[in-house]
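Contents: one structure, followed by commentary.
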Amino acid sequence: MEYRPFGQTGLQVSAIGFGCWEMGGGYGSIEESEVIKAIHRALDLGINCFDTAEGYGKGRSEELLSKALGNRRKDVIVVTKFGVAYDDRPKGRDSRRSTAHAAIDRSLKALNTDYVDVYLVHWPDRTTPFDETMRALEELVQQGKVRHVGLSNFTLDEIKTCMSMRRVEVLQYSCNLFDRRMPRWIFPYAEENGIGVMTYGSLAYGLLTGAFTEETTFEEGDWRRTGGWDMSLRLFMPEVFKRNVQAVNELKPIAERLGKKLPHLALNWTHSNPGVSVSLVGARRASEVEDNMGAVGWQLGDDVRAEIDQVFAEYEIDTAPNKWVERVD
């Protein structure tokens, strides 16, 4: 496993992290015992970063992660988030001081721990002054419940505003071969300011596993069934899904010539972006975790990068649309 500095937190984080979103539901059915085995295998392979959130199944993901980690919690970096999935708030977002304090206590209970390594604001709550939120995060640090704090899915201007109030130590964003907005908009600022960066959706929510066909359909309860949400660039909408699958099929021979599988190529591309600390990948089985290890220990050459870019150009896929799209919870 490769390890990198997690910004200026003083932590060393594995290049590949374990994303726990699907453990909370929303990705179709999962087998709890298999997920626990996957987490155990991740630990054995040196993955030390586990990313969850209160909003993933209203604590279900946190509880399952705690069950899997057991007495190995002290050996890992646990990241969780708050601020979404509140039915009585605009867009479901709430980053008020009172909510931050109540949410961390719920998360600590669900995770069966007395602190989290990194606590993020999941999505910007623009109805609450950012200085109130940042003050609340600092209070949680002073109380010892949180070691480091950060933001997820904030615009660059919003990050700068928050930075003027309290240092932002970690950022989290979607980034993959289909979505390259953040390497253009956010990552340079993070690198310049020593902020750790986590990427989610690193395999384009399963698209870059190469497992889908043009006829693939998704289970009831799987968010991809309706095309995907805005921050994912709606990669699964019927009018673009078939085209996207065709482009993915063109990428497979590139990976094979390198002696790699497509997910290895896609993951390597993501975590090789300057400034990226860790790329998150979900897994339902231990075998998937093992397979992801093929993404580390080597580097993409410029000629291969150009060949990848040519595929996206051929299919006229705009990987960095000049707009900020948001999830509406």
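Given the structure is predicted, the values throughout are model-derived calculations rather than measurements. Positions are given from 1, in the same order as the sequence printed here.
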What's the spacing between [X] [atom1] and [Y] [atom2] if we round to 0.5 Å?
| X | Y | atom1 | atom2 | result |
| --- | --- | --- | --- | --- |
| Leu235 | Asp179 | CG | CG | 7.5 Å |
| Ser279 | Asn268 | OG | CG | 9.0 Å |
| Met23 | Ser61 | CE | OG | 4.5 Å |
| Leu120 | His148 | CG | NE2 | 12.0 Å |
| Ile77 | Ile47 | CD1 | CD1 | 12.5 Å |
| Thr133 | Glu138 | OG1 | CD | 13.5 Å |

Quick one: does any side-chain atom of [X] pair with a main-chain N or O of [Y] as donor and acceptor, under 3.5 Å?
| X | Y | answer |
| --- | --- | --- |
| Thr270 | Ala266 | yes |
| Asn176 | Leu203 | no |
| Arg166 | Met163 | no |
| Asp125 | Ser95 | yes |
| Glu169 | Val149 | yes |
| Asn193 | Tyr189 | yes |
| Thr155 | Glu158 | yes |
| Lys58 | Gly55 | no |
| Asn273 | Val276 | no |

Can you find a pair of side-chain heavy atoms, one from [X] and one from [Y], that are under 4.5 Å apart?
| X | Y | value |
| --- | --- | --- |
| Cys175 | Trp269 | yes |
| Leu177 | Phe312 | yes |
| Leu280 | Met198 | yes |
| Pro321 | Leu233 | yes |
| Leu207 | Phe178 | yes |
| Ser66 | Thr113 | no |
| Val79 | Asp117 | no |
| Met293 | Met1 | yes |

- Query: Going by the ring pair (Phe, Tyr, Trp, His ring centres under 6.0 Å) test, which pairs reach into residues 282-306, not counting sequence neighbours?
  - Reply: none

- Message: Please list all pairs meeting ring pair (Phe, Tyr, Trp, His ring centres under 6.0 Å) that have one or both residues in residues 69-97, counting only residues at least two apart or in different chains.
- Response: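 Qualifying pairs: Phe82-Tyr119.
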
Salt bridge flag under 4.0 Å for residues [X] and [Y]:
| X | Y | answer |
| --- | --- | --- |
| Arg4 | Glu2 | yes |
| Lys81 | Glu54 | no |
| Arg284 | Glu31 | no |
| Arg181 | Asp318 | no |
| Lys37 | Glu34 | yes |

- Item | Centroid-centroid under 6.0 Å between Phe154 and Tyr173 rings | no

Using the test side-chain contact (heavy atoms from CB on, under 4.5 Å), find all partners of [X] that sit at least two apart in sequence or belong to another chain.
| X | answer |
| --- | --- |
| Ser277 | Phe6, Val13 |
| Pro129 | Asp131, Glu132 |
| Ala211 | Thr209 |
| Lys261 | Pro263, His264, Asp291 |

- Query: Between Glu316 and Arg243, does a salt bridge (charged side-chain N to carboxylate O under 4.0 Å, His left out) hold up when you go through it step by step?
  - Reply: CA-CA 9 Å; Glu316 299 182 344; Arg243 177 207 66 183; over 6 Å; no

- Query: Considering the options Tyr56, Trp21, Tyr200, which one meets the ring-ring contact (aromatic ring centres under 6.0 Å, His included) requirement together with His122?
  - Reply: Tyr56

- Task: List the steps and the verdict of salt bridge (charged side-chain N to carboxylate O under 4.0 Å, His left out) for Glu219 and Arg225.
- Result: CA-CA 7 Å; Glu219 294 181 44; Arg225 186 179 178 89; over 6 Å; no

- Message: Connecting only ILVMFWY residues whose side-chain heavy atoms lie within less than 4.5 Å of each other, what is the rest of Val240's hydrophobic cluster?
- Response: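 Same cluster as Val240: Met237.
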
Under 3.5 Å, is there a donor-acceptor pair between the [X] and [Y] side chains?
| X | Y | value |
| --- | --- | --- |
| Glu62 | Thr52 | no |
| Arg89 | Thr99 | no |
| Ser202 | Thr199 | yes |

List in chain and number order the residues that pass salt bridge (Lys or Arg N to Asp or Glu O under 4.0 Å) with [X], two or more places apart in sequence or in another chain; answer none if no residue qualifies.
| X | answer |
| --- | --- |
| Glu191 | none |
| Arg96 | Asp94 |
| Lys145 | Asp105 |
| Lys160 | none |

- Task: Over all heavy atoms of both residues, which pair between Pro274 and Phe187 is shortest? Give the atoms and the distance, please.
- Result: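 The pair with the smallest heavy-atom distance is O-CB, 4.0 Å.
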
- Item | Closest heavy-atom pair and its distance - Val278, Ser14 | CG2-O, 3.1 Å

- Take Lys67 and Glu32 through the salt bridge (charged side-chain N to carboxylate O under 4.0 Å, His left out) test and state the conclusion after the steps. CA-CA 10 Å; Lys67 184 177 180 180; Glu32 181 176 307; 2.7 Å; yes

- Query: So is Arg73 actually on top of Tyr115's ring, under 6.0 Å and inside 45° of the axis?
  - Reply: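 Yes, a cation-pi geometry.
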
Pairs of donor and acceptor atoms involving the side chains of residues 249-257, under 3.5 Å and at least two apart or interchain, shall be tabulated with distances.
residue: Asn249; atom: OD1; partner: Lys252; partner atom: NZ; Å: 3.3
residue: Asn249; atom: ND2; partner: Val245; partner atom: O; Å: 3.4
residue: Glu250; atom: OE2; partner: Tyr315; partner atom: OH; Å: 3.4
residue: Lys252; atom: NZ; partner: Gly210; partner atom: O; Å: 3.0
residue: Arg257; atom: NH1; partner: Glu307; partner atom: OE2; Å: 3.4
residue: Arg257; atom: NH2; partner: Glu307; partner atom: OE1; Å: 2.6
residue: Arg257; atom: NH2; partner: Glu307; partner atom: OE2; Å: 2.7

- Query: Is the CZ atom of Arg184 crowded by more than 12 outside heavy atoms at less than 6.0 Å?
  - Reply: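 12 or below, so no.
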
